[in-house]
Structures are given as structure tokens and as C-alpha cells.
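Below you'll find the structure, written out as C-alpha cells, and then a few comments.
All residue numbers refer to positions in the sequence shown, counting from 1. What you see is a predicted model, and the numbers here were worked out from it, not measured in a lab.
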Amino acid sequence: MEKSNILILVGKSASGKTRIMNELTDGNSFKRWVSYTTRPRRQGEVEGYDYYFVPYDAFKKLLLVDERVYHTNVGGKAETWYYGHSEPSDNGDTYVVIADPDGLRQLIKKYGRNRIFAVYIDVDDGVRKARCVQRKDFDETEWNRRLEDDTKVFADIDKYVKLT
């Protein structure tokens, strides 16, 4: 059986990862590899298309190939959100998935560099903030937390993705 390949989209908050994933998978030959998350569903998000939204207890029972934790502060309320992926079918398809640098490292370790093609989507901070402001749930405190976190998390992205 032919092994599946994985295209990983990596980018900071509001860099356009989801839009690119949608373009690649909707009606095209790429398959969507949907993440599980414990975070609340945003307006317009669809279960099983954008994410599988599950409570924490159910998330911890899943057999996941990677797991990431985000500490948020939305509306002044501190929350912890979890994300992860179950094993994709190994049927020779090419899957598209969104990951942060930690998720990318975990997936490279699990599947090897020969099955993974990673793309780093680098967008100006001002453009990213404008995109977040357009969302109905924009929160300045959370944006500032994300901006600071993204700076730290993406500091060594060039070790995993060739930047040109």
C-alpha cells in the first residue's frame, strides 16, 4: 500500500492557513486532515470540517499523533485549549493539515521528513491584526498575547521549514 503524504501549513495567528487549506481541499485532490480541539466553536465554523469540537474528557481519551496546548485569555478569562490529530488513513492520498511549529516537529518525528512538505505562511503583523479585528470575537488582550506567543513559538521556524 502506498503511504500518504502530508502538506503542513504553518503560520502565525491569522496568517491565512485556514483559507489556504480550504482552497486546496474543497473540490480538489488534497484531503483535509481535521484537528480535534477543546476550544469553543467560532461563529460559522462547521463540526468535522473546521475542527472536531470535543470536551476535554473526550479529548484525553483520543489516540492522537500530536497534541498542543494553548493558554488563552479571551474576555479577561484565562482558558486552556487543546488541539491534536488522529492518525490519517494511509491510502496514498495527500493530506493538508494546519499546525504550529511544535505540531510540525511532532509530525516530522512521527512520519519522517520524506512524507512531509511544510509551508510557512509569513504575513505582516499589521495585516494579521486587521484580519483578527474583522472577526466578530476580536479581543485586544488575546491579540497581544498571541502576538507575543507567536514571536516566541516561531523564533526557530527556519530549522523546520526552508525560508526563501
CD1 on I108 to CZ on R113, rounded to 0.5 Å: 4.0 Å
Pairwise distance OG1(T25) to CD1(I20) - rounded to 0.5 angstrom: 11.5 Å
Test item: Y120 and K12 side chains (from C-beta on) under 4.5 Å apart, heavy atoms: yes
Point-to-point distance, once rounded to the nearest 0.5 Å, from CG of L104 to CD1 of I8: 5.0 Å
Donor-acceptor under 3.5 Å (K31 side chain, D93 main chain): no
Student check: side-chain heavy atoms of H71 and V69 closer than 4.5 Å: yes
Short side-chain to backbone donor-acceptor contact, D125 and L147, under 3.5 Å: no
Electrostatic pair K110:E87 at N-O distance under 4.0 angstrom: yes
Beyond-backbone contact of R128 with W143, side-chain heavy atoms, under 4.5 angstrom: yes
Exercise: identify the closest heavy-atom pair between D139 and G76: OD2-N, 4.4 Å
Charged N-O contact under 4.0 Å between R146 and E148: no
For Q106, side chain to side chain contact (heavy atoms under 4.5 Å, CB included) partners two or more places apart: D66, R68, D102
Cluster check Y95, V119: I/L/V/M/F/W/Y, side chain < 4.5 angstrom: no
Ionic contact status for E140 with R145, cut-off 4.0 Å: no
Check: T72 and W81 side chains under 4.5 Å, non-hydrogen atoms: yes
Note, L24 side chain near L7 side chain (heavy atom, < 4.5 Å): yes
Flag side-chain contact, heavy atom, 4.5 Å: Y111 against P88: yes
Geometric class of the H85/W33 ring pair [parallel <30°, tilted 30-60°, perpendicular >60°]: tilted
Side chain T94, main chain S4, donor-acceptor under 3.5 Å: no
Under 3.5 Å: donor-acceptor pair, side chain of E45, backbone of R42: yes
Shortest non-hydrogen separation from V96 to M21 and the atoms involved: O-CE, 3.1 Å
Side chain to side chain contact (heavy atoms under 4.5 Å, CB included) partners for P101, two or more places apart: V10, R105, V153, F154, I157
Between CD1 on residue I6 and CD1 on residue I116, distance to nearest 0.5 Å: 5.0 Å
Contact summary for Y36 and S86, nearest pair of heavy atoms: CE1-OG, 3.7 Å
R19: side-chain hydrogen bond (donor to acceptor under 3.5 Å, both in side chains) partners, not counting sequence neighbours: none
Contacts of T37 that satisfy side chain to side chain contact (heavy atoms under 4.5 Å, CB included) - sequence neighbours left out: R39, Y51, F53, Y83
Partner set under salt bridge (Lys or Arg N to Asp or Glu O under 4.0 Å) for E23, not counting sequence neighbours: none
Gap separating the NZ atom of K3 from the CG atom of D90, nearest 0.5 angstrom: 5.0 Å
Transitive ILVMFWY side-chain link L107 to L64, under 4.5 Å: no
Note, V123 side chain near R131 side chain (heavy atom, < 4.5 Å): yes
Y49: side-chain hydrogen bond (donor to acceptor under 3.5 Å, both in side chains) partners, not counting sequence neighbours: N22, D26, R32
side-chain hydrogen bond (donor to acceptor under 3.5 Å, both in side chains) partner of Y70, chosen from T38, D149, D100: D100
E79 CD to K77 NZ distance, which is reported to the nearest 0.5 Å: 4.5 Å
